[in-house]
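Structure record follows, encoded as structure tokens.
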Protein chains: 2
Amino acid sequence: MKPLKAVKLFSQIQNGNPVFSKSTEYALRATIFIARKASKEKKATIKMVAEGIGAPQSFTAKILQQLTKKNTGIISSVTGPSGGLYISGEAKKRSIFTVLELMGEIEVIEKCIMGLPKCNDANPCSMHKSYKIIKQELLRMLREKTIEELARSKDAIL
Amino acid sequence: MKPLKAVKLFSQIQNGNPVFSKSTEYALRATIFIARKASKEKKATIKMVAEGIGAPQSFTAKILQQLTKKNTGIISSVTGPSGGLYISGEAKKRSIFTVLELMGEIEVIEKCIMGLPKCNDANPCSMHKSYKIIKQELLRMLREKTIEELARSKDAIL
DNA sequence: ATAATTAAGGATATATTTATCCTCAATTGT
DNA sequence: ACAATTGAGGATAAATATATCCTTAATTAT
């Protein structure tokens with residue numbers, strides 16, 4: 001069985017979806033960046049974050065809005081001079097799952113791998129059982145990894 | 001730690017990306033449907049497949065084109081009366097990995113979970129190691145599951 | 001108070017994915 | 001050969017995700 005090449009180039013159909021959406025990728029990177037580089041005393045500006053994570057500035061701003069929403073946000077923001085973004089010690093203890101939850105990515109993971117709306121444990125698709133194992137391990141990993149922990153690995157590129 | 005709700009509704013940013021693209025979801029469903037319902041003697045038409053998997057007909061046709069391309073395709077197609085789609089016994093023995101490969105989904109899985117282009121084993125992001133384990137299990141599962149096997153589970157909804 | 005700085009948020013533009021439509025080519029049966 | 005059936009494939013449209021721009025609100029320092 002020789003390896004196949006994706007036929008993308010020969011087709012009108014493109015499959016460029018990342019596993020997580022680009023918004024979510026930026027959200028993860030921004031969270032880790034802020035946790036690592038900023039504090040209540042030394043906040044990071046959107047500009048700094050965008051440059052630090054290699055994402056467009058205005059779009060980064062939009063995503064950070066999602067993560068700073070009152071009663072849900074894990075990232076704190078302050079307007080005005082010497083304002084910016086930071087993550088409280090409390091919030092740093094939360095898991096990266098929280099970020100993905102705010103980005104609406106958890107319900108995506110929970111869905112049927114083949115996109116069947118009626119698929120569930122009682123009425124499973126043929127991949128359900130196999131995917132469920134993977135899914136559970138992924139979710140467990142996401143729940144265990146704290147923002148703090150990710151921020152602490154300073155040898156990592158992000 | 002109370003559970004959070006995604007802030008989708010309050011934001012301009014939507015995250016509707018499935019784990020696999022919709023095209024890939026359809027491709028998986030179509031493959032299993034054809035493997036289960038069709039044979040060289042009794043081919044399935046695009047119309048039958050589209051209805052069987054609950055996908056738009058013309059779009060299903062487009063996706064099936066990708067899976068029938070010469071030298072790469074796992075699905076066979078014949079034009080003309082009593083023509084249609086089927087999967088050879090040989091092809092049925094191949095894994096579902098093949099379908100995902102043709103849909104360009106494997107390289108998506110291989111990518112950095114945070115979308116960092118420079119992330120790799122030598123220069124990892126902070127989630128690299130954890131994600132790698134999940135990724136490998138997913139890929140192994142996909143490589144092991146044959147089309148035949150999925151088609152055989154007739155109690156499954158698809 | 002005023003000016004300066006910074007995020008919030010609405011409106012809009014661009015890119016990509018998803019979906020539809022129509023004509024053509026291939027095959028079959030008469 | 002001819003008509004009918006079916007997929008192939010190009011062109012285009014619609015929906016969604018990504019990205020930009022601009023004005024407003026909040027805060028700080030002078």
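In the text below, chain A, chain B and the rest are named by the order of the sequence lines, each starting its count at 1. Just so it is clear, the structure is predicted and the values come from calculations on it, not from any experiment. For the numbers below, each heavy atom of this structure counts, side chains included, while hydrogens, waters and symmetry mates do not.
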Any donor-acceptor pair under 3.5 Å linking the side-chain atoms of A/D121 with those of A/H128? yes
Among side-chain atoms of B/K92 and B/T146, is any donor-acceptor pair under 3.5 angstrom? no
What is the distance, rounded to the nearest whole Å, between atom [atom1] of [X] and atom [atom2] of [N]?
| X | N | atom1 | atom2 | answer |
| --- | --- | --- | --- | --- |
| B/Q65 | D/dG7 | CD | C1' | 8 Å |
| A/F59 | D/dA19 | CZ | P | 5 Å |
| B/I63 | C/dT18 | CD1 | P | 8 Å |
| A/R29 | D/dT18 | CZ | C1' | 13 Å |

When rounded to the nearest 0.5 angstrom, what is the spacing between CG in A/L158 and CE in B/M127? 12.0 Å
For the atom pair CD1 (A/I96) and CD (A/E105), what is the distance rounded to the nearest 0.5 Å? 12.0 Å
Which pair of heavy atoms, one from A/L64 and one from A/A30, lies closest together, and at what distance? CD2-CB, 4.0 Å
Tell me whether A/K135 contacts the main-chain N or O of A/E110 through its side chain, where contact means a donor paired with an acceptor under 3.5 Å. yes
Between the base of C/dG10 and the side chain of A/K62, is there a donor and acceptor pair under 3.5 angstrom? yes
Contact letters for nucleotides 22-27 of chain D, in which S counts primed atoms plus P, OP1 and OP2 and B counts the base, heavy atoms under 4.0 Å: ----BB
Salt bridge B/E107-B/K111, side-chain N to carboxylate O under 4.0 Å: no
Under-4.0 Å side-chain N/O to phosphate OP1/OP2 contact, B/T68 with D/dA8: yes
According to a strict under-4.0 Å criterion, is A/K22 in side-chain N/O contact with OP1 or OP2 of C/dT17? no
Any residue of residues 35-46 of chain B with a heavy atom less than 4.0 Å from an atom of DNA chain D: B/A44, B/T45, B/I46
Which is it for A/Y131 and A/C112 under the side-chain contact (heavy atoms from CB on, under 4.5 Å) test, yes or no, and what are the steps along the way? CA-CA 8 Å; A/Y131 176 60; A/C112 171; over 6 Å; no
Would you mind writing out the side-chain donor-acceptor pairs for residues 33-41 of chain B within the sub-3.5 Å range, not counting sequence neighbours?
from, atom 1, to, atom 2, distance (Å)
B/R36, NE, B/A151, O, 3.0
B/R36, NH1, B/A156, O, 3.4
B/R36, NH2, B/L150, O, 3.0
B/R36, NH2, B/S153, O, 3.2
B/S39, OG, B/E41, N, 3.4
B/S39, OG, B/E41, OE1, 3.4
B/S39, OG, B/K42, N, 3.1

5'-most by nearest nucleotide on DNA chain D - B/L64 or A/S82: B/L64
